[in-house]
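Report on the following structure.
On a predicted model such as this, the values are computed, not experimentally measured, just so you know. We use all heavy atoms of the structure for the numbers below, so side chains are in, but hydrogens, waters and symmetry mates are not.
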Amino acid sequence: MSGGAERQLANLVRQTSSKEFSHFVCAFKDADFFAPVIRAAGYEVYNLDLTGKHPWLAGTAKLRSIIYNYQPDVITTWLFDANIVGRLTRVWNHRIPIITTLHSSDYELATIRAANWSPVKIESFRQIDKLTTLLTKPYFAACSHYVKNSFQKRLEIADSQIKVIYNGIDPTLLKCAVDEPQRIRQEFEIPANGFVYVTVGRLDVLKNHALLLRAFPQVLSEIPQAYLAIVGTGILEHELKYLAQTLGINHRVRFLGRRGDVGACLEMADVFTFPTLLEGHPLALVEAMFKRLPCVASNIEVLQEVLIDNENGLLFNSNDESDLAAAMIKLYREPKTSQRLGKRALLDAEKSFHIRTIAAEWEDYYRFVINQANQN
């Protein structure tokens, strides 16, 4: 996978103090997306070469030998299958503490319905998650208070076991050449005077691109030079393109696909839009804030941890296409408001979500967990 959790892992490994911390990363399989960055930082990435949907026993067996040789002070696990493997390993060696990272509200009914998951299957995963948590008593790092509260409720986690550490962004990875934004405009036939709204995210139901497309005709009626740029790929790509055509806006909608130059895509835009239904912590939104873009986002609980309405962005009533369109139009008609929101967004992103800040919080948490283990 080339998702947010893997990106966070790579950023964390690169940014923690090499004088105090050393990392050895194990991947179930295919670590090509993030392994080069970690290896460039001087750390090993070991491919466990696991097969099957949930290779918990095989993963535990392979990890045991690695732990025996490497003798880590703490194990940090990322995503569900790795969480289970880490806990099964702790059953064998209870001396080494484990930190489980939490990235989304997987067990909330709204998440299950929006993702069209099987409630029975998710409940079975929750029971496994809860049982292994009770048996091994891991520590947890949640990427937002929303995720923390969700897992505390669903897994009965004590406050002493869990800490909120937001996702961190390394703004240097968003840098681009001066002429790159203009080249993107030229590539997708967006004129210099075009007013561009951009969104970044996989094309699936949870990201709610359909609402953005349904709101855009209202925007076009007020802003004839408006364009909508959608960065990302996914299972709904053909459906969304068909919707744009049906709405008669396909001549002003650009599907940019999967990009390695997201920073340039953000810089070529005037406003960032984020109509998402569910998030653990919004990496794409925070990246836009680092680019000083005024942002329009869904007024959902987790995004309220990032944006304060009319202070560092605009929040619209979720699933209200007219309210979304009004916010988008407002940022065109009121350039001073747009500039004010973008400036504050950058300041808040630098303060709360810079990878330097987040890496320091992780270092403190590592020290705390290791110290607690040494005392027991």
Between R333 and E222, does the salt bridge (charged side-chain N to carboxylate O under 4.0 Å, His left out) criterion hold? Intermediate values first, please.
CA-CA 10 Å; R333 288 180 173 170; E222 299 291 330; 2.4 Å; yes
For Y166 and E305: C-alpha separation, side-chain torsions, deciding distance, then whether side-chain hydrogen bond (donor to acceptor under 3.5 Å, both in side chains) applies.
CA-CA 10 Å; Y166 287 122; E305 296 184 41; 2.8 Å; yes
Check the angle between the aromatic planes of F290 and H354 and answer parallel, tilted or perpendicular using the 30° and 60° thresholds.
perpendicular
Under 6.0 Å between the ring centres of [X] and [Y]?
| X | Y | answer |
| --- | --- | --- |
| H54 | F125 | yes |
| Y68 | Y70 | no |
| F272 | Y197 | no |
| F151 | F140 | no |
| Y146 | H281 | no |

Check ion pair [X]-[Y] (N to O, under 4.0 angstrom):
| X | Y | answer |
| --- | --- | --- |
| R367 | D73 | no |
| K351 | D348 | no |
| E108 | R154 | yes |
| E311 | R344 | yes |
| D270 | K291 | no |
| K62 | D49 | no |

Could you pull out the closest heavy-atom pair between [X] and [Y], with the gap in Å?
| X | Y | value |
| --- | --- | --- |
| S150 | S105 | OG-CB, 3.8 Å |
| F316 | D323 | CA-OD2, 3.3 Å |
| P294 | L331 | CB-CD1, 4.0 Å |
| A269 | L293 | O-CD2, 3.5 Å |
| A158 | Q152 | C-NE2, 3.7 Å |
| D204 | L236 | C-CD1, 3.4 Å |

Linking I/L/V/M/F/W/Y whenever any side-chain heavy atoms sit under 4.5 Å apart, do [X] and [Y] land together?
| X | Y | result |
| --- | --- | --- |
| V231 | V253 | no |
| V271 | L303 | no |
| L315 | F274 | yes |
| V85 | F80 | yes |
| L324 | V302 | no |

Flag if over 12 foreign heavy atoms under 6.0 Å of [atom1], [X]:
| X | atom1 | answer |
| --- | --- | --- |
| Q372 | CD | yes |
| L57 | CG | no |
| Y107 | OH | yes |
| Q71 | CD | yes |
| R259 | CZ | yes |

Working to the nearest 0.5 Å, report the span between [atom1] of [X] and [atom2] of [Y].
| X | Y | atom1 | atom2 | answer |
| --- | --- | --- | --- | --- |
| N312 | L346 | CG | CG | 11.0 Å |
| T132 | Q127 | OG1 | CD | 10.5 Å |
| T16 | I358 | OG1 | CD1 | 13.0 Å |
| F21 | Y43 | CZ | OH | 10.0 Å |
| L174 | E267 | CG | CD | 9.0 Å |

Heavy-atom side-chain proximity of [X] to [Y] below 4.5 angstrom:
| X | Y | answer |
| --- | --- | --- |
| V25 | V13 | yes |
| I66 | Y46 | yes |
| K207 | L203 | no |
| S338 | Y332 | no |
| L88 | L63 | no |
| I67 | P72 | yes |
| C265 | V200 | no |
| V196 | R185 | yes |

Looking only at side-chain N and O atoms, does H209 offer a donor or acceptor that is under 3.5 Å from a partner on T199?
no
Are side-chain N/O atoms of E279 and T276 paired as donor and acceptor at under 3.5 Å?
yes
Is it the case that the side chain of [X] and the backbone of [Y] share a donor-acceptor pair, with hydrogens and angles ignored and the cut-off at 3.5 Å?
| X | Y | answer |
| --- | --- | --- |
| N116 | I112 | no |
| R90 | I98 | no |
| R252 | F216 | no |
| E363 | S17 | yes |
| S298 | I300 | no |
| R356 | F353 | no |
| N83 | T100 | no |
| N317 | D320 | no |
| R254 | F188 | yes |
| R340 | N310 | yes |

Exactly one of T77, D129, T136, T60 should register a side-chain hydrogen bond (donor to acceptor under 3.5 Å, both in side chains) with R87. Which one does?
D129
Side chain to side chain contact (heavy atoms under 4.5 Å, CB included) between D170 and R14, intermediate numbers included:
CA-CA 10 Å; D170 183 352; R14 291 172 60 248; 3.2 Å; yes
List the steps, then state whether side chain to side chain contact (heavy atoms under 4.5 Å, CB included) holds for C143 with L102.
CA-CA 6 Å; C143 67; L102 304 175; over 6 Å; no
Could you please spell out the steps behind the salt bridge (charged side-chain N to carboxylate O under 4.0 Å, His left out) verdict for K241 and E237?
CA-CA 6 Å; K241 287 180 177 179; E237 182 171 350; 3.0 Å; yes
